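Just passing along the structure, written as structure tokens.
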Protein chains: 2
Amino acid sequence: MKVTINDIAELTNVSKSTISRVINNSGPVSEKTRNAVTEAMERLDYKPNEIARSLSLRRTMTVGVVMQDIRNPYYAYACWHGDRLLEKSGYSAVICNVDNDPEREQACLNSMGHRSVDGVLCIGPQEETANIVRAVEEMEIPVVLVDTDPEIAKIDTVNLDNIYGGQLVVDYLVSLGHRRIAFVTSDFTSAERGRRAGYSEGLEARGIDLDPSLIISQGEGQWHRGECPALMELIRKGNAPTAIFASNDFKAIRIVRLLHRLGLSIPDDISLVGFDDIDAAAMVTPGLTTIHQPIDKMIDIGVRILIKRMEGREGPTEHEVLRPWLVERESTRKVR
Amino acid sequence: MKVTINDIAELTNVSKSTISRVINNSGPVSEKTRNAVTEAMERLDYKPNEIARSLSLRRTMTVGVVMQDIRNPYYAYACWHGDRLLEKSGYSAVICNVDNDPEREQACLNSMGHRSVDGVLCIGPQEETANIVRAVEEMEIPVVLVDTDPEIAKIDTVNLDNIYGGQLVVDYLVSLGHRRIAFVTSDFTSAERGRRAGYSEGLEARGIDLDPSLIISQGEGQWHRGECPALMELIRKGNAPTAIFASNDFKAIRIVRLLHRLGLSIPDDISLVGFDDIDAAAMVTPGLTTIHQPIDKMIDIGVRILIKRMEGREGPTEHEVLRPWLVERESTRKVR
DNA sequence: ATGATCTAAGGAACCGGTTCCATTCTGGGA
DNA sequence: TCCCAGAATGGAACCGGTTCCTTAGATCAT
């Protein structure tokens, strides 16, 4: 049986209240008593029951981290970094994988309120914005959204300027002489939609007509299997673009493989740009030109806001927007 | 303020005990009362406080998942799969990243006992075996070790036959005509030590003398930075092996890049074999020949044992050992 | 009609802490 | 010497559930 505060009380002939004061340094205790209690705790190897303390204090020192899919290195890194920051402040993270399923996301957010976490960090939610807002309002704990719909006003958010990022890619490719630039996506997250908007706006700004047949969208599941029939079709029919802009590195890396299988060379036949700058982007061959997303900064800010809220500090909702930048590697070159 | 069981009791003029019976179906309740209570709960949107219930029941329905580094896709996948299985049984996972730091691992295991989890799944522990065993015995909850020292007898374990895996690699490379086979590792986990043993035994079985200068070991941090000066040195000096056996895919993928930078072709100049068969192994160019580790099966079994223990079913400690197999891709070829 | 049996429900203790409030003890100033 | 402030401690309520034990009332056989 576990040793409790009562055992210590009995052993030292001191009341629970005093023991509690010793543990938490929350009141005056004589030197003599303190020593006796400390020694007894040592001797019985006493460790306070966190559950009981949580019930009493009405705080659990845990935060829920909700994300789409931890197998995606982008999320894995975000999770790792967030966990480290939270731990530094005495919190522990409960991860909640949503697996790209809006229903699970909703269920996860709903359950968070009762799963007894002090706050929620939600990375890259995909549910309809209205649903997210409602769910967040129902659970009475602070929530910070990272990488989400930039329109959300009622909740603290940290976002990347995806539109700007999309424009960066187009500007860069056009500067290399490309005009037939495909955009490959799943239109799944609002981040992808932002990048797509940046793609369109970038083309327009350069006076290039948008060719709808160059926009290729297919579900995440298909990408997970590493396939993209629509792109293959486009190329086989001789309509190959001179450059491909993939909505994230995860897809870009799969495209590297697909093109390789078709016997096409990157960047000699087709240039390829990704988005996110995940670890693997620097590891594949050729090294992937991509947009660097300062996810660590975004998590930094998100966690900072969340902790502030959990400590009860109110204030107007915050909306940070960070700018990405381009990282040039070997997957792009001048069009010939 | 959150609505509690007392609010329901007050509203319905029924005692807490009866409400509890309705919620848990744990005793006879008349149809009339049941309806009234259910309706009241519905109306006030009542959700039981999980913390209070945990305190009372002395179980939290959470399990700690301890791993080295979730950024490593191997662990990320294991974590994802484990989380899914646990969720199916009503548990939720608290991940605990140890970041390749034995001290943190020890601290993590120690804290688990008080962090109020019902059980622990520990994947790829690296602490000294004796310390792990002691820590596990101190916390009075079930622990299952996955991918650990196969010598541990007192704790349930699930392991890969790493020695066999190492032998597979050597057998395969020798069958392609290789005799100068380097082994690249960090000697960090007991899995790596097992693979190294398999490497040695495999060479011996084929009558090839082990050349100590072909065994390259460096810390994990260095690998994370993507560097390996010792290997570079070996090659620059003209002592390049004809094949490299990397202790895991994580390192193998970094070696792909290093060799590329040296202008060496895989597999034409050097063959490369990894270990683990992570997702990225199929994605890099050239596709990585590697040893497939059925991590999903291992997690399956680990979780099954853990749940059994958490449900109180005793029995002799279990020690499962699974056999890996070779997956041939494009990073290996006959020596010329 | 009466006692046995069973169902429905309430009361109180309990899980293991925290905290407010009351009480005792101590020393210093008048 | 007496009084009072402040330090040290104890007691009890509380957090929000679960569960054992009792009791009231209904049903049934004798």
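Everything quoted here is computed from the prediction, not taken from an experiment. Just so it is clear: chains get the letters A, B, ... in the order the sequence lines come, proteins before strands, and each one is counted from 1.
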Q | chain A contact limits on DNA chain C, taken 5' to 3' with a cut-off of 4.0 angstrom to heavy atoms | A | dG16(C) to dC20(C)

Q: For the residue pair Trp80(B) and Tyr77(B), categorise the inter-ring angle as parallel (less than 30°), tilted (30 to 60°) or perpendicular (more than 60°).
A: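 Tilted: the ring planes of Trp80(B) and Tyr77(B) meet at 30° to 60°.
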
Q.
Using only atom types and a distance under 3.5 Å, with no angle test, would you say the side chain of Ser190(B) pairs donor to acceptor with the backbone of Thr148(B)?
A.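 Such a contact is found between Ser190(B) side chain and Thr148(B) backbone.
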
Q: Using a strict 4.0 Å threshold on nitrogen-to-oxygen distance, state whether Arg104(A) and Glu87(B) make a salt bridge.
A: yes

Q) What is the distance, rounded to the nearest whole Å, between atom CG of Asn25(B) and atom C1' of dT19(D)? A) 16 Å

Q) Is a side-chain donor-acceptor pair under 3.5 Å present for Asn100(B) with His224(B)? A) no

**Q.** Test: Arg309(A) and Glu314(A) ion pair at under 4.0 Å
**A.** no

Q. Which part of the nucleic acid, if any, lies within contact of Asn6(A), taking any heavy atom under 4.0 Å across all strands shown: a base, the sugar-phosphate backbone alone, or nothing?
A. nothing

Q: Would you mind classifying the nucleic acid contact of Asn13(B) as base, sugar-phosphate or nothing, using non-hydrogen atoms under 4.0 angstrom?
A: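 Since only primed, P, OP1 and OP2 atoms lie under 4.0 Å of Asn13(B), the category is sugar-phosphate.
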
(Q) Any base atoms under 4.0 Å from Ser30(A), or only sugar-phosphate, or nothing? Heavy atoms, all strands. (A)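 Ser30(A): backbone/sugar contact only, no base atoms under 4.0 Å.
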
(Q) Nearest heavy atom decides the nucleotide; on that basis, is Thr18(A) or Leu55(A) closer to the 5' end of DNA chain C? (A) Leu55(A)

Q.
Regarding Thr33(A), tell me which of base, sugar-phosphate or nothing describes its non-hydrogen contacts under 4.0 Å with the strands shown.
A. sugar-phosphate

Q.
So that I can tick it off, tell me whether Glu318(B) and Lys308(B) are bridged by a salt bridge, with the cut-off set at under 4.0 angstrom between side-chain N and carboxylate O.
A. yes

Q: Please check if any side-chain donor atom of Thr60(A) sits under 3.5 Å from a side-chain acceptor atom of Asp118(A), or the reverse.
A: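 The answer is yes; a qualifying pair exists.
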
Q.
Here's a test of your reading of the structure: between Val29(A) and Lys16(A), which maps to the more 5' nucleotide of DNA chain D?
A.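 Closest to the 5' end, via its nearest nucleotide, is Val29(A).
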
Q: Identify whether any heavy atom of Leu57(B) sits under 4.0 Å from a base atom; if not, whether one sits that close to sugar-phosphate; answer base, sugar-phosphate or nothing.
A: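 Sugar-phosphate, backbone atoms only, no base.
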
Q: Identify, between Arg21(A) and Pro28(B), the residue whose nearest nucleotide on DNA chain C lies closer to the 5' end.
A: Pro28(B)

Q) Could you state the CG-C1' distance from Asn35(A) to dA8(D), rounded to the nearest angstrom? A)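 Atom CG in Asn35(A) sits about 15 Å away from atom C1' in dA8(D).
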
Q: Just call it for Ser17(A): base, sugar-phosphate, or nothing, with non-hydrogen atoms closer than 4.0 Å on any strand.
A: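 Touches a base.
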
Q) So what does Thr4(B) hit on the nucleic acid, given a heavy-atom distance under 4.0 Å: a base, only sugar-phosphate, or nothing? A) sugar-phosphate

**Q.** Touch class at under 4.0 angstrom, heavy-atom based, for Lys2(A) against every strand present
**A.**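 Contact class for Lys2(A): none.
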
